[in-house]
Amino acid sequence: MSISEKYNPKSFEDKWYKYWLDNKIFKSTPDKRKPYTIVIPPPNVTGVLHMGHMLNNTIQDILIRRARMRGYNACWVPGTDHASIATEAKVVEKLKNDGISKNSLTRDQFLEYAWKWTDEYGGVILDQLKKIGCSCDWDRTKFTLDPLMSKSVVKVFIELFKKGYIYRGYRMVNWDPKAQTTVSDEEVIYREQKGKLFFISYMIDGEKNEKITVATTRPETILGDTAICINPKDKRYKHLKGKEVIVPIVNRVVPIIMDEYVDPDFGTGCLKVTPSHDPNDKIIGEKYSLDFIDIFSSDGTLNQNGLHFKGKDRFEVRKLIINEIKLIGQLVKIEDYINNVGTSERTNAIIEPRISEQWFLSMKELVKPAINSVLKTNEINLIPKKFNNTYRYWVENITDWNISRQLWWGHRIPVYYYGENKDDFVVAESFKKAVELAKVKTNNPNLKDSEIRQDEDVLDTWFSSWLWPISVFDGINNPDNDEINYYYPTQDLVTGPDILFFWVARMIISGYEFRGKNPFSNVYLTGLVRDQRGRKMSKQLGNSPDALNLIQTYGADGVRVGLMLSSAAGNDLLFNENLCNQGKNFANKIWNAFRLIDSWKLDVELKQSPASKDALEIFNNKFNKTIEIIDRYFKNYRISEALMTAYKLTWDDFCSWLLETLKPSYGSGIDKKSYDEVKSLLEKLLKIIHPFMPFITEELWHRNIKRKSHDSIGLSEWPKYQGHDDLVINKYEKMKQIISGVRNFRKDNKLKSKQPLNLFSLDSINIPYPQIISKLTYLDKIKHSKKQKFNQSNLFTVDVDRYYIPFKIDVNSKIDSKKYNEQLVHLENFLISIEKKLSNANFINSAPKNIIDLEKKKLKDTKDKIEILKNK
RNA sequence: GGGCGCUUAGCUCAGUUGGUUCAGAGCAUUUGGUUUACACCCAAAGGGUCGGGGGUUCGAAUCCCUCAGCGCCCACCA
């Protein structure tokens with residue numbers, strides 16, 4: 001099989017992915033081995049791959065591939081999320097484009113469309129994950145709206161209801177007028193917005209010319225005003241106690257009430273109270289039994305309580321109403337004002353606080369184990385640790401979870417009503433069961449099916465995804481099955497900090513509630529992918545590169561490396577395509593290293609040269625030292641450092657030093673011992689690169705030697721540390737410096753790289769690896785010499801050892817003495833600082849002995865160096 | 001408004017309990033090179049008062065205080 005000169009990832013990436021699938025490399029079933037499990041954060045079923053997914057899933061793939069090689073039964077469970085709001089919005093939009101309005105459809109008709117859409121576009125993202133090499137067990141692919149998932153969700157709902165955690169409440173919730181549903185507190189994002197503060201005067205009822213001024217950012221809500229509130233301690237308004245005011249436009253007479261809640265220093269110290277449209281006003285409203293007047297329809301327009309503004313949008317009304325107030329002379333002034341406006345995480349629509357009947361999950365009790373496991377027992381680790389604080393605040397101040405959504409796409413709430421009273425409902429896993437229960441509850445065996453109706457709402461998407469690590473193994477419906485017992489708890493979870501509360505915290509809660517155990521041990525929180533200017537990548541900005549295009553350009557391996565090169569856990573990643581290019585260059589480097597070895601002709605007659613023997617010994621030591629470092633980095637989830645370490649091992653130690661030393665001279669072959677060993681070393685190297693770059697390593701794995709069809713590098717054994725000698729490593733480092741010294745000498749004197757030269761070590765008898773030095777610097781002779789007389793410019797030093805190169809130096813090309821003078825000055829200053837330190841009695845008395853000895857050694861070494869320099 | 005975190009070379013970041021000759025890496029830049037693995041290359045070089053100021057200490061990038069800038073989370077005084 002001839003190898004192409006150019007590294008061309010396109011020529012083999014698809015081939016190997018298919019190979020992995022055909023040979024079931026990613027397949028996992030419970031067995032005797034230890035499991036290593038990751039459940040994917042399910043992307044939205046209608047989503048397309050973006051940079052965040054690439055980052056996130058590359059990390060998961062690296063972890064899972066390495067675990068597989070380390071002998072774990074690695075299981076990566078893929079799947080998608082039905083994403084109620086996002087998907088329903090997309091379907092509604094699509095229907096709208098086809099001229100169909102959601103309102104004209106029945107629930108079943110709509111769902112039919114939605115499923116059609118899901119079947120058509122859904123899962124595209126999973127195919128895209130295959131492009132970047134994700135080694136998921138695809139046979140396990142799950143969808144959060146699958147029947148089995150639904151069954152789990154319903155079972156959980158019923159269980160929690162029976163335990164008293166789920167209740168129905170008439171409460172103020174966050175209303176998304178665009179999606180026309182409520183959203184949870186976590187789904188509201190507050191953004192600073194420039195607005196206006198309007199000062200409006202209200203006439204005092206029964207007093208001719210007396211009025212009171214309020215300040216508001218939302219003048220349209222005065223239509224729902226049912227009181228004016230002032231602080232009882234506010235002397236300015238004392239005389240108004242017990243009086244009433246007339247709300248402008250509606251001319252409603254409402255009381256003036258006194259409550260400490262009002263801050264006398266804000267605005268006019270006078271608050272208009274709209275209990276139906278503000279959470280704080282609602283509290284006041286309830287406290288003083290005020291009227292609740294809802295002025296909005298579900299789409300954010302005004303309803304019949306909005307008088308002549310009925311049907312108009314809330315923001316249009318804001319302008320109109322100000323005009324009217326101005327006309328009647330009750331607008332005092334308008335000030336610029338910056339305030340926080342809640343927007344919907346999904347639709348960006350401005351959230352409208354609204355009172356309505358919703359289902360809630362009481363969290364106070366449920367959250368308890370989730371506090372301990374992360375913050376006290378460390379049964380679960382957040383990586384990086386800094387997220388503990390964020391997490392702590394949320395779990396300790398948790399609010400009840402609004403789990404109902406006024407949508408059709410999702411798990412329908414398993415509540416069935418049979419009457420009009422507050423408690424006229426039953427909770428059941430099916431309609432049939434509901435009828436039975438209702439008959440019992442009402443004591444009416446003749447209750448008809450038609451008298452029973454299911455709650456119209458569906459559950460929050462996260463109410464199904466919080467079960468994910470359990471439900472993908474069917475651990476809710478079938479709690480003692482082999483799979484859940486084997487795979488749960490899972491090991492690592494990799495996701496973004498943006499869903500720490502939405503998803504991660506809730507999975508922890510459900511894990512303890514439904515399994516009595518942590519759902520995972522470690523949570524690796526990635527950063528956001530940002531562009532060069534630090535902006536979050538988004539569709540709106542159009543600053544996100546097309547993921548698949550990147551793969552086309554740089555290859556999947558290149559993109560993976562590019563993403564991993566600069567992404568510490570929890571740190572944002574400023575994405576730069578250059579990084580992918582660096583990744584591609586690295587792949588090319590590996591490719592060519594292989595080509596070089598592959599081109600060598602074996603010469604069985606040839607004896608191994610001392611240089612080759614030494615070079616292989618060096619690399620073996622370096623490899624073992626490095627594998628230990630890499631393993632440690634992995635243990636601490638420092639994946640980019642693990643990669644960089646492997647990168648340098650490959651590029652520098654393997655290519656630049658080992659291969660350059662082994663390289664036979666033109667026309668000669670290579671001895672068998674070296675050949676066999678370098679091929680086996682290459683194999684070890686490919687193994688540690690494999691998790692990062694699965695495609696090229698698989699390709700070269702099969703090219704390096706003939707393999708059986710199912711012998712994938714992905715199933716090979718991760719190299720184990722087999723000991724190393726630091727003396728060898730130190731000698732190696734010294735050797736490199738000597739070689740650099742010779743190369744610099746050539747460069748400084750403008751000598752050809754193959755110009756014959758000799759090298760004399762003046763001080764040290766032990767020259768490290770002279771054969772390698774000689775080979776890589778084209779030296780004739782290299783030996784120790786006590787020569788006393790020499791030309792200063794022909795000298796270089798490594799530590800305190802002097803090396804001399806006899807050669808008649810052209811005066812013009814002499815290195816200028818400035819460099820040496822600078823060096824001398826630096827050393828002399830250094831010497832002074834050491835002497836000062838050593839003559840300081842305090843230092844001698846309080847510093848530990850090893851530090852003092854060290855300083856003494858420094859002193860000696862520095863003196864020696866100065867001596868050498870001065871001799872020049 | 002509260003809390004947390006960050007600031008080290010042009011860029012992205014390492015830098016363990018304060019002490020190895022500790023100020024580092026990769027990329028970028030500059031210089032030189034290559035008819036025989038790779039210009040997706042090789043060899044080498046330059047580049048930082050560790051955000052500013054103060055303190056503790058024999059000794060501070062590392063600990064404390066303070067100021068400045070940036071980021072994140074939470075809170076929702078209309």
Side-chain angles (χ1 to χ4, degrees), chain A residues 3 5-7 188 190 197 214-218 221 229 261-263 265-274 278-281 337 339-342 353 384 386-394 397 497-498 500-501 528 532 534 554 558 565-568 570-574 576 578-579 581-582 584-600 638 640-641 644-645 647-648 651 655-656 659-660 663 665-667 739-740 743-744 746-748 750 752-753 799 827 830 834 836-837 840-848 850-852 854-855 857-859 861-862 865:
Chain A
I3 183 158
E5 265 187 49
K6 293 277 167 203
Y7 160 65
V188 180
Y190 287 90
L197 190 58
V214 302
T216 178
T217 53
R218 302 202 53 195
T221 63
C229 189
Y261 167 76
V262 177
D263 176 4
D265 295 328
F266 184 89
T268 59
C270 213
L271 173 73
K272 68 186 225 27
V273 184
T274 320
D278 183 278
N280 295 310
D281 291 11
Y337 186 70
N339 63 342
N340 271 335
V341 178
K386 66 177 177 185
F387 285 107
N388 276 12
N389 288 321
T390 311
Y391 181 86
R392 177 194 308 274
Y393 193 86
W394 189 80
N397 295 280
D498 50 334
L500 184 59
F501 309 138
L528 289 172
Q532 279 305 98
Y554 301 101
L565 274 176
S566 83
S567 58
N571 277 8
D572 286 356
L573 169 74
L574 276 94
N576 184 342
N578 285 339
L579 289 169
N581 203 37
Q582 194 184 341
K584 189 186 174 188
N585 293 351
F586 183 43
N588 181 61
K589 186 73 187 174
I590 300 169
W591 184 259
N592 279 291
F594 174 78
R595 279 184 57 223
L596 177 65
I597 297 169
D598 198 46
S599 74
W600 290 341
R638 302 185 66 144
S640 57
E641 269 132 323
M644 184 46 75
T645 307
Y647 177 95
K648 285 193 279 194
W651 202 301
C655 294
S656 297
L659 295 188
E660 288 303 328
K663 199 190 259 180
S665 56
Y666 190 60
I739 289 173
S740 288
R743 284 172 175 163
N744 279 333
R746 288 186 192 276
K747 194 185 174 192
D748 289 343
K750 295 196 173 14
K752 283 251 159 57
S753 64
D799 291 335
L827 284 172
F830 189 54
I834 300 168
K836 222 169 160 181
K837 203 183 254 186
N840 183 336
N842 281 330
F843 174 71
I844 300 295
N845 292 334
S846 37
N850 60 326
I851 298 292
I852 295 172
L854 200 72
E855 289 300 320
K857 182 162 182 348
K858 269 200 239 179
L859 184 78
D861 288 352
T862 309
K865 282 184 191 173

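We name chains A, B, ... by the order of the sequence lines, and we start the count at 1 in each one.
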Whole Å only: how far is the [atom1] atom of [X] from the [atom2] atom of [N]?
| X | N | atom1 | atom2 | answer |
| --- | --- | --- | --- | --- |
| A:N397 | B:G3 | CG | P | 14 Å |
| A:I834 | B:U20 | CD1 | P | 13 Å |
| A:L574 | B:C70 | CG | P | 16 Å |
| A:M644 | B:U12 | CE | C1' | 10 Å |
| A:W394 | B:G3 | CH2 | P | 22 Å |
| A:W591 | B:C41 | CH2 | P | 16 Å |
| A:F387 | B:C4 | CZ | P | 15 Å |
| A:K663 | B:C38 | NZ | P | 9 Å |

Give [X] one of three labels, base, sugar-phosphate or nothing, depending on what nucleic acid heavy atoms sit under 4.0 Å from its own.
| X | value |
| --- | --- |
| A:D263 | base |
| A:V262 | base |
| A:N340 | base |
| A:P497 | nothing |
| A:C655 | base |
| A:D572 | sugar-phosphate |
| A:K648 | sugar-phosphate |
| A:F501 | sugar-phosphate |

Which listed nucleotide ([options]) is nearest to the side chain of [X]?
| X | options | answer |
| --- | --- | --- |
| A:F266 | B:C38, B:C74, B:C77 | B:C77 |
| A:K747 | B:C73, B:A75, B:U31 | B:U31 |
| A:E660 | B:C38, B:C4, B:A78 | B:C38 |
| A:R743 | B:A43, B:C74, B:A37 | B:A43 |
| A:A593 | B:A37, B:A45, B:C74 | B:A37 |
| A:Q582 | B:C27, B:A75, B:A44 | B:C27 |
| A:S846 | B:A75, B:C58, B:A37 | B:C58 |
| A:Y393 | B:G32, B:C74, B:A25 | B:C74 |
| A:T390 | B:A78, B:G19, B:C73 | B:C73 |
| A:N744 | B:A45, B:C58, B:A25 | B:A45 |

Would you give the length of the straight line joining atom [atom1] of [X] to atom [atom2] of [Y], rounded to the nearest 0.5 angstrom?
| X | Y | atom1 | atom2 | result |
| --- | --- | --- | --- | --- |
| A:K6 | A:N592 | NZ | CG | 8.0 Å |
| A:N842 | A:K837 | CG | NZ | 13.5 Å |
| A:E660 | A:K663 | CD | NZ | 4.0 Å |
| A:M644 | A:W651 | CE | CH2 | 10.5 Å |
| A:E855 | A:L859 | CD | CG | 9.0 Å |
| A:N845 | A:I852 | CG | CD1 | 8.0 Å |

Query - Option passing side chain to side chain contact (heavy atoms under 4.5 Å, CB included) with A:N576 (candidates A:L573, A:L574, A:N578) - result: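 Result for side chain to side chain contact (heavy atoms under 4.5 Å, CB included) with A:N576: A:N578.
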It should be established whether [X] places a side-chain nitrogen or oxygen under 4.0 Å from OP1 or OP2 of nucleotide [N].
| X | N | value |
| --- | --- | --- |
| A:R638 | B:G15 | yes |
| A:Y647 | B:A25 | no |
| A:Y337 | B:A78 | yes |
| A:K589 | B:C42 | yes |
| A:S656 | B:C41 | no |
| A:N585 | B:C41 | yes |
| A:S740 | B:A44 | yes |
| A:W651 | B:G26 | no |

Work out how far the [atom1] atom of [N] is from that of [M], and round it to whole angstrom.
| N | M | atom1 | result |
| --- | --- | --- | --- |
| B:U8 | B:C13 | C1' | 9 Å |
| B:G71 | B:C27 | C1' | 24 Å |
| B:A23 | B:C41 | C1' | 31 Å |
| B:G48 | B:G3 | P | 38 Å |
| B:A45 | B:U49 | C1' | 23 Å |
| B:U7 | B:U12 | C1' | 14 Å |
| B:G18 | B:A37 | C1' | 48 Å |
| B:G15 | B:U20 | C1' | 14 Å |

Report task. Using the closest heavy atom to pick a nucleotide of RNA chain B for each, name whichever of A:Y7 or A:D265 lands nearer the 5' end. Result ->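 Between the two, 5'-proximity favours A:Y7.
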Query raised in the report: Between A:N581 and A:N842, who's closer to the 5' end of RNA chain B by nearest nucleotide?
Result: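 Between the two, 5'-proximity favours A:N581.
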Query raised in the report: So what's the dot-bracket for RNA chain B: Watson-Crick or G-U pairs under 3.5 Å, [ ] if a pair crosses, | if it pairs off-strand?
Result: (((((((..((((.....[....)))).((((((....).))))).....(((((..]....))))))))))))....
Query raised in the report: Does the side chain to side chain contact (heavy atoms under 4.5 Å, CB included) test come out yes or no for A:T221 and A:D278, once each step is laid out?
Result: CA-CA 9 Å; A:T221 63; A:D278 183 278; over 6 Å; no
Requested in this report: Give me the ring orientation class for A:Y647 and A:F586: parallel if the planes are under 30° apart, tilted from 30 to 60°, perpendicular past 60°.
Outcome: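 Rings of A:Y647 and A:F586: tilted, as their planes differ by 30° to 60°.
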**Report entry** Pair A:I739-A:R743, side chain to side chain contact (heavy atoms under 4.5 Å, CB included): steps then yes or no
**Finding:** CA-CA 6 Å; A:I739 289 173; A:R743 284 172 175 163; 3.6 Å; yes
**Report entry** Nearest atoms (heavy-atom pairs only) where A:L528 meets A:D572
**Finding:**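 Looks like N-OD1, 2.9 Å.
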Requested in this report: Please tell me if the side chains of A:Y261 and A:L271 come closer than 4.5 Å, counting only heavy atoms from C-beta onward.
Outcome: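 Touching, per the 4.5 Å side-chain cut-off.
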